[in-house]
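Please read the structure below before turning to the comments.
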Protein chains: 2
Amino acid sequence: MPITADYIRIADEIVADIRAGRFAPGAKLPSITQLAATHKVSPSTVKQVYVRLEALRVIRRHQGKGVFVNDPKLWMREP
Amino acid sequence: MPITADYIRIADEIVADIRAGRFAPGAKLPSITQLAATHKVSPSTVKQVYVRLEALRVIRRHQGKGVFVNDPKLWMREP
DNA sequence: CCACATTTGTCCGTATGTATC
DNA sequence: AGATACATACGGACAAATGTG
């Protein structure tokens, strides 16, 4: 049974949170520092989470402002 | 005109290479060390390239073997 | 306008582990 | 056994954008 990497697990949790409505489209996600603290990982790891979610178009990163949830219509898809 | 980050520029070049047929589906991409050398960036930056391309499903990373091109049908799309 | 704190952006270097050849 | 290659995580350094006072 493979253990999932932190940066993928955390990314998946954020996607699940969005799908569950715990983060609305346009909402600001926790800062890198905060997320690192709550998940007990380094800021570098959280940055990688956000790089991944940005590639998936789940979020937009905005330097100096924060990280924001994209409209799910932009990224939701089957499979 | 904003300058693009290395890890995005390199990722885009690889996608362009695939679209142009310079890398066929299933082909093995250059190793991280090689790609870092030819682009004059650090291995860390190339890893970030591959994390991004994996999220976009352009490639599969296979520990100990290499990085391979996915079938474009898996990831090509109109935005 | 300026100073400051906060936040993300990018890149680098290192350490350790695991898989493959 | 040894070499090669990717996997993950961490830490640091500096830049750039933003907001506040």
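All heavy atoms count here, side chains included; hydrogens, waters and symmetry mates do not. Chain letters run A, B, ... following the sequence lines, proteins first, then strands; residues in each count from 1.
Separating the CD atom of B:Gln34 from the P atom of D:dT4 is a distance of 12 Å, rounded to the nearest angstrom. Protein atom CD1 of B:Ile32 is 5 Å distant from nucleotide atom C1' of D:dC6, rounded to whole Å. Distance B:Tyr50 OH to D:dT8 C1': 17 Å, rounded to the nearest Å. Atom NZ in B:Lys65 sits roughly 18 Å away from atom C1' in D:dA3 (whole-Å rounding). In this structure, the CD1 atom of A:Ile3 is 10 Å from the P atom of D:dT8, given to the nearest Å. The distance from atom CZ of A:Arg60 to atom P of C:dT8 is 14 Å, rounded to the nearest whole Å. Atom pair A:Arg52:CZ and C:dT10:P shows a separation of 18 Å (rounding to whole Å applied). Distance CZ (A:Phe68) to P (D:dA17): 16 Å, rounded to an integer number of Å.
Comparing A:His62 and A:Ser42 against DNA chain D, the residue whose closest nucleotide sits nearer the 5' end is A:Ser42.
One hydrophobic cluster holds both B:Ile14 and B:Ile8 under the rule that ILVMFWY side chains link at heavy-atom gaps under 4.5 Å.
Residue contacts shown for A:Ser44 include a base, since a base heavy atom lies under 4.0 Å away. Counting any heavy atom pair closer than 4.0 Å across all strands shown, B:Thr45 reaches sugar-phosphate atoms only and no base atom. Residue B:Tyr7 is classed as a sugar-phosphate contact, given heavy-atom separations below 4.0 Å to backbone atoms only.
Nearest nucleotide to the A:Arg61 side chain, out of C:dT10, D:dA7, D:dA9: C:dT10. Of the candidates C:dG17, D:dC10, D:dG19, the closest approach to any side-chain atom of B:Gln63 belongs to C:dG17. When distances run from any side-chain atom of A:Lys47 to the nucleotides C:dT10, D:dA17, D:dC6, the shortest one goes to C:dT10.
The only member of A:Ile59, A:Leu56, A:Asn70 that meets side-chain contact (heavy atoms from CB on, under 4.5 Å) when paired with A:Trp75 is A:Asn70.
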> Hey, mind stepping through A:Asp6 and A:Arg9 against salt bridge (Lys or Arg N to Asp or Glu O under 4.0 Å) and telling me if it holds?
Replying inline: CA-CA 5 Å; A:Asp6 286 348; A:Arg9 184 177 46 75; 3.0 Å; yes

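Here B:Arg19 contributes atom CZ and B:Met76 contributes atom CE; the two are 4.5 Å apart, rounded to the nearest 0.5 Å. If you take CD1 on B:Ile32 and NZ on B:Lys47, they are separated by 5.5 Å, rounding to the nearest 0.5 Å.
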